[in-house]
Amino acid sequence: MATIVDITEEQALKVKNFEFTYAGSDEPNIKKLTMPIAKHSITALIGPSGCGKTTLLRSFNRMHDLYPANRYSGEIIFKDRNILTKNEDLIKLRTQIGMIFQKPTAFPMSIFDNVAYGLRLQGVKNKTELQDRVEKALQDAAIWQEAKDRLKHDANGLSGGQQQRLCIARAIAVEPEVLLFDEPTSALDPISTAGIEELIVGLKERVSIIIVTHNMQQAARVSDYTGFMYLGELVELSPTEELFVTPKERLTEEYITGKFG
Amino acid sequence: MTYTQKRVIANSIVMALSTLSALIGIGFLLWILSILIINGVDALSMTIFLEEGAPPGNESGGLKHALIGQLMLVGYASAFGVPLGIMAGTYLSEYGLKSKLSETIRDISDIMMSAPSIVIGAFVYAIVVAPSGQFSGWAGSIALMIIMLPIILRTTDDMLQLVPSTLREAAFALGTPKYKVITQVVYRGAKAGILTGVMLGVARVAGETAPLLFTSFNDNFLNTDMSQPMASLTVTMYNYATSPYEDWQKLGWAAAFILSMFILTLNILGRLFLLKRKGK
Amino acid sequence: MSSIIDKIFANATKFIAIGVLLLVAWIFSVLFEHSLKSIEAFGFSFLTETKWAPNLEKFGALPAIYGSVVSTFLAMILAVPIAIGIAIFLSEIAHAKIKTPVGVSIELLAAIPSVVYGMWGLFYFVPIIRDMFGGIGISMLTAGIVLSIMILPFMAAVTRDAMNTTPDILKESAYALGGTKWDVIKDIIIPYAKAGIIGSFILALGRAIGETMAVTFVMGNVHKISTDLTQPATSIPVTLANEFAEADSELYFSSLFELSLLLLVISFTIISIAKFYFLRRKRTGQ
Ligand SMILES: Nc1ncnc2c1ncn2[C@@H]1O[C@H](COP(=O)(O)OP(=O)(O)OP(=O)(O)O)[C@@H](O)[C@H]1O
Ligand SMILES: [Mg+2]
């Protein structure tokens, strides 16, 4: 039986009995999963490869709907509604729940246009407003100094770490309430990684964050809560320190002490 | 209306237009395909394979002359084009890999693959037909061979490059001479790919008409002498289709059908070979 | 012993590979050499003269050039939007279940010989044009339409391939910001695959301009420049296909060779632009 901590503070998201099956998969890839996500805090998801971390993460912004024939059931409650219903407005949902990917994904356009992209999609046309909000996002993502003199340059000219911060700037520019990170530093060097981690911690005052990571030190460094997943199930969700120091589940302990996987 | 609503509407419009244009395009192509099948099957009969051309009007003509001519033209073209193409491709991949020479040959071959085939016909006319004073099967085969060469060359080159270099190194480590490594190890590894390239190359030249118009020309009767003008399915198809006689036009459709099926079969087989290779 | 075979093998392959290069040079030089008479006789006016009269030994290529340009242009403006539509449909709209069969059918249709398209055009499309626009139905317009249908499968397939090179993760990033399919196509896929898409169009153009059989059936081979698209016309390959086997004088032949050379140079140029400027093949080994 899973150990899931009671989160007394406000919750950004509530996953209830969520089950997910990929097209072509015989059995559910996520099984009856229930999990609270605390507001204005960082929740890390860890677990061995293939346990379903990415799958769960991509359910929060309904990314799976881009590909046909994936099946899911259960509920994910966000702002008092179940976002898994048919009539959920996915465009709006995705502006409220942003996502950062494993690799930097700078669009084939200028640095400025990259950050302005989400704003423009929302219909922001006013030049000064765009400029202000782009600048603020770049500052919040700690890349303003490096980018300010080359806003009109192609974003692909930036380094990997810079591009990832650009993607964070792009995501926060539209002022989402939740940010999803899928192994955001797995393609980066240690220095860029440290920069991104610092940035993520700084963001939690404004957004609730879920971060998938393979790096247990990273989970320990940045997160407030950590969930350990195994074979499509949430085995344990605890405050991060507790999970790493006094895990309640045998499986968790074996995983964090490196006894399997 | 908010900007997002506008975006959603624009999206629906574009999706509808794309689907519509796909339907139009696919509709046209299905139309052509069904015409080909209906007319072709309708015109098929045993006489087609047993009889040579006949004067129009007596319904007794067949395509035997064109079928055999076609086989000979494509056969001879392949008999020379395939080995030459494979040899040249072997040089590019195994000896010249990144050299300037190899890159130039690759570039020129790429261009030649899309160059107008009728121009090759003119070239062969100048070097073969004009000096010998007559149209001939050889001239047609040479034209087809020239068209085939760059296709075989480039697929061989690509397919050989896919063979992992560890395989070569393992063979070299045993002291095997290079030509043996290539012929016994590398070719074996790239067999399916090269075969696919050959099939696609043959399929491509089998459908060529323009370069045969004034090289192998045509003959309404069976001729197996390569130094004489020779019938081909494609030129026969052209001549019969543009004739005013209904029975000839019918034979034209039969030729179109037989040829298209042959080419489609080669293409499908070629794909299956490649798939099988990837599956491994 | 085997070292001798080794040398022979290496040199034989090299010899043949270089042979391919020399062959192309030879093609150019033979065509040029055979064009000399016409070049001497007409000079530059060959390209600007509108009269093509074999019985008078007067050869002007402008009608054929005009026909090539106009028919290819018609084919391109008809085929490009539909090819883009099909490519979008195949890469972004169609479900996996129909994506593969439709995609493969389109690729296979690109393999059907163009003489079949020409034959279909003659028997089934010419009557439609005749009924719609009067005249004999054999016309520049018919040629443009048949040509557009003939290049459509190739164009759609390569455009789709170019669009498919866009990494999924890049598209997903735009969806994750609330983009619609169309937003993703126009803001991400098209800018990302721009060079590939334009390159494939130019490549299709290069092929269309040299295409012979699809148009020979339906164009008429009339050496006359007319702005009325429903009139018969000619193009460079159509002229060659119709007249090469029948030419009866040296100057006539030479003019046809000059046309061939012209066509080869034009296609070579267009295809080179597509290949080297837009579709730069990754250098081997990189
Ligand atoms: N598109 C897909 N179609 C079918 N099955 C999939 C697909 N993507 C993932 N899976 C399967 O779903 C399970 C969960 O995959 P998921 O990507 O969520 O794992 P993960 O925990 O993120 O692993 P990793 O740490 O390697 O990223 C795996 O068994 C995987 O094989
Ligand atoms: Mg993952």
Side-chain angles (χ1 to χ4, degrees), chain B residues 7-8 10-11 14-15 17-19 21-22 24-26 28-29 32 35-36 84 87-88 90-92 95 97-98 104-105 108-112 114-116 118-119 122-123 125-127 146 149 153 177-179 203 207 209-210 213-214 217 234 237-238 241-242 252 256 259-260 263-264 267, chain C residues 2-3 5-6 9-10 12-14 16-17 20-21 23-24 27 30-31 34 81-82 85-86 88-89 93 102 108-109 111-113 115-117 119-120 122 124 149 152-153 156 180-183 203 206-207 210 212-213 217 237 240-241 244-245 257 260 263-264 267-268 271-272 275 284-285:
Chain B
R7 281 198 293 132
V8 171
N11 180 58
V14 173
M15 292 305 113
L17 284 179
S18 304
T19 312
S21 60
I24 293 175
I26 293 160
F28 262 101
L29 299 171
I32 294 173
I35 295 283
L36 178 67
L84 289 177
M87 291 283 271
T90 303
Y91 173 76
L92 296 192
Y95 293 97
L97 195 56
K98 288 177 208 171
T104 313
I105 296 174
I108 297 290
S109 305
D110 280 349
I111 297 176
M112 286 311 287
S114 299
I118 194 159
V119 169
F123 167 70
Y125 184 94
I127 59 159
I146 295 176
L149 210 48
L153 177 155
K178 188 158 182 171
Y179 80 95
T209 316
L213 288 172
F214 34 89
F217 199 62
T234 48
M237 194 190 307
Y238 176 54
T242 49
L259 186 70
S260 302
I263 290 172
L264 287 182
N267 269 281
Chain C
S2 70
S3 83
I5 303 181
D6 227 15
F9 188 79
T13 59
K14 184 169 186 177
I16 296 166
V20 173
L21 216 51
L23 176 65
V24 176
I27 293 175
V30 164
L31 293 181
H34 285 72
I82 296 193
I86 296 180
I88 291 180
F89 178 79
I93 303 178
V102 173
L108 287 178
L109 278 160
I112 298 241
V115 62
V116 174
Y117 285 89
M119 207 165 148
W120 164 82
L122 177 63
Y124 291 86
I149 293 166
L152 187 59
T180 62
K181 268 196 172 131
W182 173 231
D183 293 324
L203 193 58
R207 285 182 164 209
T212 310
M213 297 321 289
F217 284 91
L240 294 175
F244 217 107
F257 275 112
S260 311
L263 182 61
L264 185 60
S267 332
F268 230 82
I271 299 164
S272 307
K275 292 268 181 202
T284 310

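Within every chain, numbering begins at 1; the chains are lettered A, B, ... in the order of the sequence lines, protein sequences first and strands thereafter. Below, all heavy atoms of this structure are taken into account, side chains as well, without hydrogens, waters or symmetry copies.
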Quick one: pull up [atom1] in [X] and [atom2] in [Y] and give me the separation to the nearest 0.5 Å.
X         : Y         : atom1 : atom2 : answer
Ser260(B) : Leu108(C) : OG    : CG    : 11.5 Å
Ile26(B)  : Leu109(C) : CD1   : CG    : 9.5 Å
Lys178(B) : Ile5(C)   : NZ    : CD1   : 16.0 Å

Below 4.5 Å, heavy-atom pairs only: which of [options] has the largest tally toward chain B?
options                                  : result
Ala17(C), Gly210(C), Ala156(C)           : Ala17(C)
Arg207(C), Lys181(C), Met119(C)          : Met119(C)
Leu31(C), Ile86(C), Leu122(C)            : Ile86(C)
Leu264(C), Ile149(C), Asp6(C), Leu263(C) : Asp6(C)
Trp120(C), Tyr124(C), Phe89(C)           : Trp120(C)
Ile16(C), Ile112(C), Ile88(C)            : Ile16(C)

query = Is there side-chain contact between Ile263(B) and Pro113(C), with heavy atoms separated by less than 4.5 Å?
reply =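 Yes. Closest side-chain heavy atoms under 4.5 Å.
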ask   = Parallel, tilted or perpendicular: which describes the rings of Phe214(B) and Phe244(C), with under 30° parallel and over 60° perpendicular?
value = parallel
inquiry  = Once you measure the plane-to-plane angle for Phe217(C) and Tyr238(B), does it fall in the parallel (<30°), tilted (30-60°) or perpendicular (>60°) bin?
reply    = perpendicular
task = Please lay out, stage by stage, how Ile111(B) and Ser272(C) fare under the test side-chain contact (heavy atoms from CB on, under 4.5 Å).
result = CA-CA 7 Å; Ile111(B) 297 176; Ser272(C) 307; 3.3 Å; yes
message = Is Thr180(C) close to chain B through its backbone or its side chain, or both, or neither, when contacts mean heavy atoms under 4.5 Å?
response = both
message = Given heavy-atom pairs under 4.5 angstrom as the criterion, report whether the side chain, backbone, both or neither of Leu152(C) touches chain B.
response = side chain
task = Check whether Ile24(B) gets within reach of chain C through its side chain, its backbone, both or neither, counting any heavy atom under 4.5 Å.
result =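 For Ile24(B), the side chain is the part near chain C, not the backbone.
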inquiry  = Tell me which of these, Pro116(B), Gly207(B), Ala203(B), has more heavy-atom pairs under 4.5 Å with chain C than the rest.
reply    = Pro116(B)
request  = In sequence, state the C-alpha distance, the side-chain angles, and the governing distance for Leu21(C) and Ile108(B), and then conclude on side-chain contact (heavy atoms from CB on, under 4.5 Å).
outcome  = CA-CA 7 Å; Leu21(C) 216 51; Ile108(B) 297 290; 3.7 Å; yes
ask   = Should Thr13(C) and Tyr179(B) be marked as a side-chain contact (heavy atoms from CB on, under 4.5 Å) after you check the CA-CA gap, both sets of side-chain angles, and the distance that decides it?
value = CA-CA 11 Å; Thr13(C) 59; Tyr179(B) 80 95; over 6 Å; no
